[in-house]
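The structure follows.
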Amino acid sequence: MDAATDVPETLGAMLARRGFGRRSLLKFAIAMTSSLALPPATAPAMAANLARARRRSVIWLSFQECTGCLETLLRSSTPTISALIFDFISLDYQESLMAAAGDAATRTLREAVAANHGEYLLAIDGSIPTKDGGVYSMTGGQSNVSMLAEIAAGAKAILAIGTCAAYGGIPKAHPNPTGAVGVEDLVSGKPIVNIPGCPPVPEVLSGVLVHFIAFGRLPDLDDRKRPLAYFGTTIHDQCYRRPFYDQGKFAKSFDDEGARQGWCLFELGCKGPVTHNACASLKWNSGTSFPIESGHGCIGCSEPDFWDKGSFYTSLAGGSVAGWRNAGIAAAVGIAGGAAAALTARRKPHAEKAERDPDKPKPKTADAGSAGDVPAKPKDADASSVDAAQANPKDADAVNADAAPAKPKDADADNADAAPAKPQDHDAGNADAAPTTPKDTNASSADATPAKPKVAGTGNVDAAPPNRDKQP
Ligand code: SF4
Ligand code: SF4
Ligand code: F3S
């Protein structure tokens, strides 16, 4: 608070008081525009807007959740400007963090809503149980359903944080005893951004907050209301093990020689090819690592219904993870070269949208390629021997043509039992094309880390459709 004027101080003043000058703020804005895939020319405007901005009220409601989302966000990094941005918001209500309890806490909530009506950001973690009148999760005698309706009415925008709030998450897993749903299943007429992940990557929330503080609106979103800059590509697009995939080098168990060499985890069940998230580039714990770097495949924790889509340890090409078949994703597999991957990724949201648009004709056969198919099992550099694969770096087609999956049945999108699509030559510019046979990419380097793509935004929250289609 500025003592002279009795109004909240600006972010610029606060940063100056803490030893951060204008140059620091500009550097931060440059990093954030890059992270948010905004044109570099917008960095000075972002810096100026941030310097002028004042504390924005945030009301955080925790519903049917495990507190993992809050934990991960609290553990984001130390004294960076990003952390100060979190200081800069006024977290006016958060049950787990506030000192008040009982009636005092409820009063705090009502006062914060009244004082900032129409202007506060509403952050929500956890799903909302709807069964039996919502009795399975109550706060102060009020059901989550009722509280969401009341508090959402006065919000400027809503942040659904974590897979639970975005899609229902683990509480919604079969048989969904509480009737759990995500925020957008209950709220309409308000800008909503989904930040899925179980838990979500903290820096994504930072980016969304910074964008909102600087420009007064949410960043560009995809048709699942996710920030396009962070969810426009798959884990597979960004994975540092991708060169091994492209070479057909796969770990067969978590402790074999391939695993020790850091080979691709596709055959151990990695869902990276059908999972959109930013963890392969932003990582966790201040950029330390992410699940695949720690030796475990991606389990698809940021995708709807990931818990019900089959074993975490069954390969996408195994035919028994049918839940992933209609993920609406054309995994950009087998593409040697970041430019091709980035191009495919840019087209992906549109391909997904087309896939979910009931009025649009859908591809009928796997041969024709389908954005809804999971990637075909890549051909193995050598199905039986890690050492042999290392010794024989020929084209995977030549090495093991027989390892390719059988020609698929009719790839009717509703046929959960259909075999994986037949690998095809991949048109790098065709997001609808089925994944290709991995190539022997001598040009690829195991050490090469794909550059973070800049994904151009295609729309904002207002342009997003009011309802996403449900996963089958
Ligand atoms: Fe917990 Fe995951 Fe739900 Fe977050 S999304 S509340 S970490 S179960
Ligand atoms: Fe990485 Fe998994 Fe893709 Fe292999 S399948 S490259 S481990 S994301
Ligand atoms: Fe989740 Fe997969 Fe990232 S499991 S944390 S989306 S690597």
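Start at 1 and go down the list; that is how both ligands and their atoms are numbered. The first residue of the sequence shown is numbered 1, and numbering continues consecutively from there.
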Fill in the blank from the handout: Under 4.0 Å from one or more heavy atoms of Arg242, ligand 2 contributes atoms 6 (S)

Handout entry: Residue and atom name of the nearest protein heavy atom (relative to atom 6 (S) of ligand 3), distance in Å to one decimal
Key =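 Ranking protein heavy atoms by distance from atom 6 (S) of ligand 3, first comes Asn277 ND2, 3.5 Å.
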
Problem - Residue and atom name of the nearest protein heavy atom (relative to atom 3 (Fe) of ligand 2), distance in Å to one decimal - result: His236 ND1, 2.1 Å

Exercise for the section: Could you grab the protein N, O or S atoms closer than 2.8 Å to atom 4 (Fe) of ligand 1 for me? Expected result: Cys69 SG

Handout entry: Minimum-distance pair of heavy atoms, taken over all atoms of Ile192 and Leu221
Key =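 Heavy atoms of Ile192 and Leu221 come nearest at O-CD1, 3.5 Å.
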
Problem - Shortest protein heavy-atom distance from atom 4 (Fe) of ligand 2, along with the residue and atom involved - result: Cys264 SG, 2.3 Å

Handout entry: Phe254 and His296 aromatic ring geometry - parallel, tilted or perpendicular at 30°/60° bounds
Key =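 Judged by the thresholds at 30° and 60°, the geometry between His296 and Phe254 is parallel.
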
Handout entry: Distance from atom 1 (Fe) of ligand 2 to nearest protein heavy atom, with residue and atom
Key =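 It is Cys239 SG, 2.4 Å.
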
Practice task
Report the part of Thr275 (side chain from C-beta onward, or backbone N, CA, C, O) that has a heavy atom under 4.0 Å from ligand 3; answer both or neither where that applies.
Solution key: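 Only the side chain of Thr275 comes within reach of ligand 3.
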
Completion exercise
From the list Asn144, Thr178, Val181, Asn176, side-chain contact (heavy atoms from CB on, under 4.5 Å) with Thr130 holds only for Val181

Problem - Sub-4.5 Å side-chain heavy-atom contact between Thr275 and Phe306 - result: no

Problem - Proximal atoms of ligand 2 relative to Gly272 (non-hydrogen, under 4.0 Å) - result: 8 (S)

Exercise for the section: Answer yes or no: is there an ion pair linking Lys309 with Asp305, defined by an N-O contact shorter than 4.0 Å? Expected result: no

Exercise for the section: Decide yes or no for Arg110 and Ile151: does some side-chain heavy atom of the first lie under 4.5 Å from some side-chain heavy atom of the second? Expected result: yes

Handout entry: Which residue and heavy atom of the protein sit nearest atom 7 (S) of ligand 2, plus the separation
Key = Leu265 N, 3.4 Å

Handout entry: Shortest protein contact, atom 3 (Fe) of ligand 3 (heavy atom only)
Key =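 Checked against all protein heavy atoms, atom 3 (Fe) of ligand 3 sits closest to Cys279 SG, 2.2 Å.
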
Exercise for the section: For the residue pair Leu70 and Leu97, establish whether any side-chain heavy-atom pair is separated by less than 4.5 Å. Expected result: yes

Handout entry: Distance (rounded to the nearest 0.5 Å) between Asp308 CG and Ile170 CD1
Key =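 The distance works out to 10.0 Å.
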
Exercise for the section: Just jot down the ligand 3 atoms closer than 4.0 angstrom to any heavy atom of Gly300, in number order. Expected result: 4 (S)

Practice task
Assess Cys298: does it contribute an N, O or S atom lying under 2.8 Å from atom 3 (Fe) of ligand 3?
Solution key: no

Practice task
Check whether any side-chain heavy atom of Tyr245 sits under 4.5 Å from a side-chain heavy atom of Phe250, and report yes or no.
Solution key: yes

Handout entry: Nearest-0.5 Å distance that lies between atom CG in Asp237 and atom CZ in Arg242
Key =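 Taking CG in Asp237 and CZ in Arg242, the distance rounds to 6.5 Å.
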
Exercise for the section: State, yes or no, whether a side-chain contact exists between Tyr120 and Ser90 at a heavy-atom distance under 4.5 Å. Expected result: no

Handout entry: atom 2 (Fe) of ligand 2 - nearest protein heavy atom and its distance
Key = Cys270 SG, 2.3 Å

Handout entry: Close approach, Cys198 and ligand 3, non-hydrogen under 4.0 angstrom
Key = no

Fill in the blank from the handout: closest protein heavy atom to atom 1 (Fe) of ligand 3 is Cys301 SG, 2.3 Å

Completion exercise
among protein heavy atoms, the one nearest atom 4 (S) of ligand 3 is Ile299 N, 3.2 Å

Problem - Side chain to side chain, Ser281 and Tyr230, heavy atoms closer than 4.5 Å - result: no

Practice task
Find out whether Thr234 and His276 are in side-chain contact, i.e. whether some heavy atom of one side chain is under 4.5 Å from a heavy atom of the other.
Solution key: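 With C-beta onward as the side chain, the pair touches.
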
Handout entry: Contact check, Pro291 vs ligand 3, heavy-atom distance below 4.0 Å
Key =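 Within the 4.0 Å threshold, so yes.
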
Handout entry: Pairwise side-chain contact, Trp284 with Phe290, heavy-atom cut-off 4.5 Å (strictly under)
Key = yes

